[in-house]
There are 2 protein chains.
Amino acid sequence: MSINSNSHVPIFRQIAEHIRTGISAGIYQPDEMLPSLRALALELVVNPNTIQRAYEELEREGLVYSRRGLGLFVARQAVRSARSQSQDDVEKAFADGIRLARSAGLPDDEIRHVFSKSLARKMDKTGGKS
Amino acid sequence: MSINSNSHVPIFRQIAEHIRTGISAGIYQPDEMLPSLRALALELVVNPNTIQRAYEELEREGLVYSRRGLGLFVARQAVRSARSQSQDDVEKAFADGIRLARSAGLPDDEIRHVFSKSLARKMDKTGGKS
DNA sequence: TATACTGCATTAGTGAACTAGTGCAGTACG
DNA sequence: CGTACTGCACTAGTTCACTAATGCAGTATA
């Protein structure tokens with residue numbers, strides 16, 4: 001797991017997305033303990049608070065639950081929640097695009113076309129602004 | 001034209017998008033003079049610099065051109081540029097969504113489904129966070 | 001109970017984005 | 001030339017998101 005400090009995406013969000021992906025992919029099993037705040041902070045060379053912020057986000061999404069003094073664990077409904085959350089995010093992104101397209105007067109056909117075009121080009125790492 | 005100061009979207013961007021929409025819709029004709037910085041600033045009760053920043057964005061997009069001492073005018077290729085620009089923005093938004101969906105492991109069929117779902121619900125003003 | 005782990009709350013520093021204040025430079029016109 | 005408009009450049013203040021430093025509170029184990 002690598003953190004890109006130069007990215008415009010905040011660190012805590014990168015971490016959250018990484019773990020979210022991991023849970024979604026089944027790397028972390030339900031009720032399994034996640035790396036502790038300090039352990040992960042040490043590994044990634046960031047402040048424990050940054051890690052906590054990432055975990056907070058995941059907790060709000062119902063992906064993990066925390067036990068004070070024990071640790072953080074993967075929620076049972078994590079995969080379901082992860083999918084649901086991802087779907088919401090995706091939907092939101094699409095809604096944004098559609099809103100833009102509509103306000104520009106693009107007809108639905110054109111919007112569909114642009115979408116298909118985007119979906120077609122699979123390999124596109126648009127991340128990383130210096 | 002109204003400005004929402006409570007929105008998380010910066011004022012200059014709201015203005016830019018409004019004018020962009022206006023040009024795209026044909027409200028402003030090519031070579032027609034746009035409201036001066038101070039005039040529009042007075043009308044919207046903001047600083048002229050904020051207006052200028054909006055115009056800068058539009059100029060970068062090739063929508064308007066400026067003549068020092070004369071004013072700001074709609075570019076001839078404005079409509080074309082506006083469409084192109086909008087299409088880029090839309091494409092970017094879609095790409096974001098697709099990227100999210102992929103990293104969550106959603107299959108393409110599912111992605112298409114979510115998109116269609118978003119496109120279906122036409123009226124959705126998701127703006128305005130306090 | 002002492003120790004060593006866990007999450008959590010409070011506060012502070014830093015940097016970037018946004019907006020505003022002010023003055024300079026170019027153009028048209030009487 | 002002087003006036004009144006135009007865009008533009010420079011500087012400063014404000015706000016907010018992000019990250020970090022530090023200390024408190026809960027839990028297991030010897």
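We name chains A, B, ... by the order of the sequence lines, and we start the count at 1 in each one.
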Rounded distance (Å) that lies between atom C1' of D/dC5 and atom CG of B/Leu42: 14 Å

Whole-Å gap separating P (D/dC18) and CD1 (A/Ile3): 14 Å

First of A/Asn47 and A/Arg68 reached from the 5' end of DNA chain D, by closest nucleotide: A/Asn47

Touch class at under 4.0 angstrom, heavy-atom based, for A/Tyr55 against every strand present: nothing

Interatomic distance, B/Phe73 CZ vs D/dC5 C1' [rounded to whole Å]: 12 Å

Least distance between heavy atoms, A/Ala82 atom then A/Leu63 atom: CB-CD2, 3.4 Å

Minimum side-chain heavy-atom gap A/Asn49-A/Leu37 below 4.5 Å: no

Most 5' of A/Arg13 and A/Pro48 on DNA chain D, judged by nearest nucleotide: A/Arg13

Close side-chain approach of A/Glu17 and B/Leu100, heavy atoms under 4.5 Å: yes

Closest to the A/Asn49 side chain, choosing from D/dA21, D/dA20, D/dC18: D/dA21

Distance in angstrom units between A/Leu37 CG and D/dG26 P, rounded: 17 Å

Pair B/Arg121 + A/Glu91: basic N to acidic O under 4.0 Å: yes

A/Phe73 to A/Asp31 - nearest heavy-atom pair and separation: CD2-O, 3.7 Å

Spacing between A/Phe12 atom CZ and D/dC16 atom P, to the nearest angstrom: 17 Å

Minimum-distance nucleotide to A/Thr50 side chain [options: D/dA9, D/dG23, D/dT19]: D/dT19

Nearest-Å distance for atom pair CZ/C1', residues B/Arg67 and D/dC5: 18 Å

Chain B contact limits on DNA chain C, taken 5' to 3' with a cut-off of 4.0 angstrom to heavy atoms: C/dC18 to C/dA28

A/Phe94 vs A/Phe115, ring pair (Phe, Tyr, Trp, His ring centres under 6.0 Å): CA-CA, chis, key distance, verdict: CA-CA 9 Å; A/Phe94 287 166; A/Phe115 174 77; 5.3 Å; yes

Short side-chain to backbone donor-acceptor contact, B/Ser116 and B/Arg112, under 3.5 Å: yes

Atom-pair distance (CD on A/Gln52; P on D/dG23), nearest Å: 17 Å

Atom-to-atom span, CD of B/Glu56 to P of D/dG7 - whole angstrom: 12 Å

